[in-house]
Every structure is written in C-alpha cells, then in structure tokens.
Amino acid sequence: MKLLKRILLIILVIVIAVVFYNYSKLNILAGYSAKNTASSVFVAGRNLAFTDSTDNNFSPINLTSDKINLEEKSATGSAFGLLKRKAIYRKGLGAVLITDDFDTSAPYLTPNRETSDNLTPYPYGNAPQKDSIFANIDYNKLHNTVSSIFNVTNKTRAVVVVYKDKIISEKYDKGFTKDSKLLGWSMTKSITSTLFGILQCKGGINVMDKAPIKEWQNDDRKNITIHNLLQMNSGLEWLEDYNTISDVTKMLFLEKDVTKTQINKPLVGKPNETWNYSSGTTNLLSGILRSQFSSHQEYLDFWYSALIDKIGMNSMILEADMRGNYIGSSYAWATPRDWAKFGLLYLHNGHWNGENLFDKDWVTYATTPTPTSNIKKEGGYGAQIWLNTANRYPDAPANMYSFNGYKGQNVFILPDQELVIVRMGLTKNADINVFLKNIISSIKN
C-alpha cells in the first residue's frame, strides 16, 4: 500500500510539473479549440461533430476535446483534461475567448446593421444574376481549373470567380454553399486598412500623421506614423508564429484587449526601414480607429455603415475582444460571395453602385510596395494588402494584389483582366500560381 501511494504521489508530482511547465501551451491549445468551436457553431452555423472533424482536426489542436452549451451559447475546450478554456457567443460581436473573471451577464454594445438587399442582382445586391455567357471564355477549361483545386490535399472549401461583375464560375466543397460563412483570418487586415482609406477620403484622418499613441511620446517611437503601421514597417518588435507560443498566439488567446499588445513593444529597427508582419500592429490600428470616435457605439457602427453593409457584405460578422474592440487582424466571417464584393470594390477603385467610398489614389497608395517587403520570402506588401511585385506568382500579372489569410484564404484582384478570384480553404498546399494561370488563360483577350 505504501509503495502504491508513493507511485501515485510521484505520478501526481510529474503531472503537476508537466502542467506547470506547459501551462501556456495548454492554455493556447484549449483556447484555440474553444474559440474556433464557438465561432464555427454559433457564427457559421455548423455542428460540433463537423467542426471537430474538419476545422479542429489538425495537430496539435486535435489533441483537445470540445463541448458546447446550446443554451448559454458557449464552447469549452479541454487540453488533456488538465486545462479548460471557454468561449462565448455575443450576438452582433461573434464569439470571444473569455477569462474566469469575465462577467458574462454584463450588458454590451452591438453594432447597428443594415438589412440585406435581396432584390438587386449580385454584386450590388444579393438577388440572382441574369444569365450571361461571354464569348471569350473557355468555360470547360475554367470549370476544370476550379474543380482541380478541390481535393483531399488542398482542402479547398470555396472558389468564386467574378469577371466584369458577373460570377462566371463557383464551386463549394461538401457541406458548404454560397450562404456558408467562412473565416477570412488575415484578410480581415485589409478590411481594417480600408477603413483608414475611407476616413482619409472623407478628410477625417491623414495616414501620414504620427500615430496617436501617448505611451510613445517620450521615446523614439513617437516618430512612427499611421502610414508605417499600415505598411507594417514601424520597426516595432513582434513575433508572428502560429505554431509556437509567440506574440500573436498570446494576443489572440490570452489578452482581454488586443489593441494594446503592440503598444508595449520596443523598437528593434527604424520606422520605414524595417518591415515585419504583425497582427499586433493591425489591432493597434483598430484601437486608433476607436480613438477617432467620441463613443464606442460610433466605432462599432462605422465598420459596417462605412464599408461592410455599404457594399452589401451583410453576411459578415466582425468578432470583438472582451473589451468590445474589433479584432481587426484576424476574425471576420463572411460568405465567399461577400468576400468577392470586397475585391470588386478595389477593382472599381472604391466606386460602388454610384458612390465613391474612397478614390483611386487610395488604391494606388494601398498597393504601393512597402520598403524592404519585397526582399522577404512572403513577397511584396502594401498597406495591409499583399502584392505580386516580388513575383510570388510568376504566371500572374505583376499588378495583381490580394487579401490573404492563414491557411489559404485569398481574394485576388486582377485589374487588367477585370477579375476577382476568391479561394478559401484549410491549407496552403494548393499550387495557386498554376490555378491563377489557368483561370487567366481561360479568358481570351
């Protein structure tokens, strides 16, 4: 009996030591699983079994277990039964990972939304388009190209191809339809950037001004401009690695206010000379947007009234942190068709159904390469928009640009070809260069 007690004590000590040593890892594992499950079930309308078998079925997230509570609209993720995290759904704000001290009964503000236009044909509304056949399109080649990217390896979920404002090819994986909301991940960054373009074109802000961060005013960080932040060229320290405990995973799965994380980082380079991809920077920009309004309600409404609902992306849900700030780096859900509308807005240089949301000068600015970004392995970068200036996709036009997200979310804008191409999936394994090449070549000039 004494020997058994000793063995059990040793096991207990080992378990405690393992949990203590790996606490942060377990916290992030359980947090990711809970947040992803809550969003998938309560924002996207999927069920738990589907979510666990697809969205959460990759290492090491597949080592966690999940439960949902339909009555309180919450999800709990458990890492080996040793540590649990909880995410709740708030109507209008999506799902949020919470801490133990979060008051789930406290009232919260939600954005005012406009209703969907189901009478006007797509893209300016959501009614069906009139059938149109373009004589210069090889439809067999086009549809075969689209179909080719749907397989077990690529894990594509949706493709939408829009040419001259018409959907010319569209396909969805099993379990998904044109009405399915899909997470854009870092495509959300381009939403955040565009709001600065809208504000600037209204005369409400100048992106060349110094960033209005009071914590920076007594050191060299006071020289950082909003422009530097939009280009991720501030020189601030940041580690963007989703496979480890890094700045980005700690921010997304541990912080109550994501707009503050980057503020506390020191300079490790010079502004306008040190490009470094940072979701923390984008969320700092979300905080700067908040500072432009006298009330939190105005901030919440602006994202929708000025952009999202303005162009009929009515399916989109922007998720907020515990403080009610939009997580502008990562968490926007929308249908692939609505993501395509966002691309079309840029294709039309900010002009939408008779109104200018921003002008062509903003598009030129947003798609101008950031100094030093072209030498990075990821390729050229503009103002929270990816560019093809570094020949990332050699068989696509150099002036093509895109909104890109984790695991292969893409909205490609090809100005010369009058094309917007949306691809959304669960991996980056697809040969996107060949995919783009074959779509482009299926349309004869």
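Starting from 1, each residue takes its place in the sequence as its number.
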Among F293, F196, Y326, ring pair (Phe, Tyr, Trp, His ring centres under 6.0 Å) partner for W303: Y326

Residues in ring-ring contact (aromatic ring centres under 6.0 Å, His included) contact with Y393, at least two apart in sequence or another chain: F412

Atom of P336, atom of V160 and distance for their closest heavy-atom approach: CB-CG2, 3.8 Å

Residues S441, K141; criterion side chain to side chain donor-acceptor pair (under 3.5 Å); working and verdict: CA-CA 9 Å; S441 65; K141 181 175 183 178; 2.7 Å; yes

ring-ring contact (aromatic ring centres under 6.0 Å, His included) involving Y406 - partner list, sequence neighbours excluded: W185, Y242

Plane angle bin for H227 and Y365 - parallel if under 30°, tilted between 30 and 60°, otherwise perpendicular: tilted

Sequence-distant partners of Y401, ring-ring contact (aromatic ring centres under 6.0 Å, His included), two or more places apart: none

Counterpart residues, salt bridge (charged side-chain N to carboxylate O under 4.0 Å, His left out), relative to R290 (two or more places apart): none

Cationic N near anionic O, under 4.0 Å, K260 to D321: no

Taking every non-hydrogen atom, the tightest pair across N154 and S148: ND2-O, 4.1 Å

Distance, nearest 0.5 Å, that separates CG of L436 from CZ of R392: 11.0 Å

ring-ring contact (aromatic ring centres under 6.0 Å, His included) involving Y32 - partner list, sequence neighbours excluded: F58, F253

Non-hydrogen atoms of N69 and E72 that approach each other most closely: OD1-N, 3.0 Å

Side-chain ion pair, R337 and E170, N-O less than 4.0 Å: yes

Check: L300 and T110 side chains under 4.5 Å, non-hydrogen atoms: no

Carboxylate-amine/guanidinium contact R157 D55, below 4.0 Å: yes

Euclidean distance, Y331 OH relative to N283 CG, rounded to 0.5 Å: 9.5 Å

F358/Y346 aromatic ring centres below 6.0 Å: yes

CZ on R221 to CD on Q262, rounded to 0.5 Å: 9.5 Å

Option from I317, L318, L93, D309 for which side chain to side chain contact (heavy atoms under 4.5 Å, CB included) with P111 holds: L93

Gap between atom CG of D220 and atom CG of L267 - 0.5 Å precision: 6.5 Å

Only pairs under 3.5 Å count here: list side-chain donor-acceptor contacts from residues 176-184, not counting sequence neighbours, and write none if there are none.
unit_1: T177; atom_1: OG1; unit_2: D179; atom_2: N; d: 3.1
unit_1: S180; atom_1: OG; unit_2: T177; atom_2: N; d: 2.9
unit_1: S180; atom_1: OG; unit_2: T177; atom_2: O; d: 3.4

